[in-house]
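Written out below as structure tokens is the structure these notes cover.
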Amino acid sequence: MLVATTLMSSAPMYLAALDQQGIRQTVDLTTRNKSENYLALEMFVSSMVLDEERIVHSDELIQQAVNLYWSEAIVGLNRYLKTDGFSFYRSSGSAIRDLENSSIRSLEGYFHSFQDMEGKVDYIIGSSPTSDFQYHPDGPLLEVSLSTGLAEKLSIEHGDVLLGVPYPDSRIKLGVRVSGIFEPLDPYDPIWKDDIDRFLMPVIPKEEGSEVPEKWWEDQTYYLAFFISEEAMMNSIPLAYPGSMVEARWDQQIDNLILREWTRAEIVSSIDGLDGLLTKEIPGFQLRSGIILMLKEFKTQSFVSSIPLLLLFAVIGSSLLYFVFMISSYLMPARESDISLIKI
């Protein structure tokens, strides 16, 4: 009985220790099978007005919320902005003023920018885009850059000038000059989110139901994704097209060595707290992370693996109650004489 009572009383501590060990193993297994970046926090707004004041305010809210709920485990935060679609035309003297009446083939694409790309890429030709912009007769003239692979696929060269418009009959046309062509220094850098082609070689998806050719890789078409400095993006595009929208994303890296020491309750509380707070403060806010998927898988595995242990404690508890009942039944007749004296 003493052993059984001891086991029952220590059950909560044992289950908590088992749960914590499971969290450590799950974090280690996830980072080993996926990547170090899989457990990062991806906070995004799919459509936000391209306004510097609004974006900076969102930065502050996100930084405060992350510090409140994840301060011990955060490593680095980077912001990514991506504009809505543009049609780009190769510039010529006759096309600058009247694109809609020209027969020049357009390239589908967009502008995008990281808050910090310093040390992430190596410029093979030229240099990174400057934050300043000039003007041509029909609008702002910006400096842009792109990857070597995309430049080769779309026959873009250093120094090329193109014109970009969000819709064909736009009176204002953005001029873009290719200031540099680069290659990534580390394809597995966290900035690329384990999917570098998504940023450097973005593929235009095929229409649903279309036939897939035998050599599908030779038939792929690509977005003309121009990298631009954030300052130029925020100052020039809204000036040319007021009300322009962007997809905004904030990637928060997590220290997995610290995360593995947190309890499941602490991780769940931090995820829910961050998501709940920013959903109220930032319209359209969404949170994605491998941590959420990891917790769902761990919850299922933990429940299944704990069933034998729960059955053991149930048997011990039942046995303990049985012995208490038996002893009470055995002792009651022996105490009847004492009880009768009390009644007298």
Following the transitive rule for hydrophobic clusters with a side-chain heavy-atom cut-off under 4.5 Å over Ile, Leu, Val, Met, Phe, Trp and Tyr, establish whether [X] and [Y] coincide in one cluster.
{"X": "Leu239", "Y": "Leu50", "answer": "yes"}
{"X": "Phe44", "Y": "Leu277", "answer": "no"}
{"X": "Met117", "Y": "Val75", "answer": "no"}
{"X": "Val56", "Y": "Leu81", "answer": "no"}
{"X": "Trp250", "Y": "Tyr38", "answer": "yes"}

Within-4.5 Å side-chain heavy-atom neighbours: [X] and [Y]:
{"X": "Thr30", "Y": "Leu293", "answer": "no"}
{"X": "Met245", "Y": "Val49", "answer": "yes"}
{"X": "Leu162", "Y": "Ile156", "answer": "yes"}
{"X": "Ile191", "Y": "Phe199", "answer": "no"}
{"X": "Leu163", "Y": "His136", "answer": "yes"}
{"X": "Glu108", "Y": "Thr221", "answer": "no"}
{"X": "Ile271", "Y": "Ile292", "answer": "yes"}
{"X": "Glu183", "Y": "Leu200", "answer": "no"}

Would you call the rings of [X] and [Y] parallel, tilted or perpendicular if under 30° counts as parallel and over 60° as perpendicular?
{"X": "His112", "Y": "Tyr80", "result": "perpendicular"}
{"X": "Phe88", "Y": "Phe86", "result": "parallel"}
{"X": "Phe227", "Y": "Trp192", "result": "perpendicular"}

- Query: Should we count CD of Glu72 as having more than 12 external heavy atoms under 6.0 Å?
  - Reply: no

- Message: Atom CZ of residue position Arg54 - does it have more than 12 heavy atoms of other residues, nucleotides or ligands inside 6.0 Å?
- Response: no

- With sequence neighbours left out, which residue pairs that include part of residues 238-249 fulfil the side chain to side chain donor-acceptor pair (under 3.5 Å) condition? Arg249-Asp251

- Judged by atom type as modelled, is there a donor-acceptor pair below 3.5 Å linking the side chain of Ser229 to the main-chain atoms of Thr130? yes

- Full working for side-chain hydrogen bond (donor to acceptor under 3.5 Å, both in side chains) between Thr31 and Asn256: CA-CA 8 Å; Thr31 53; Asn256 299 326; 5.1 Å; no

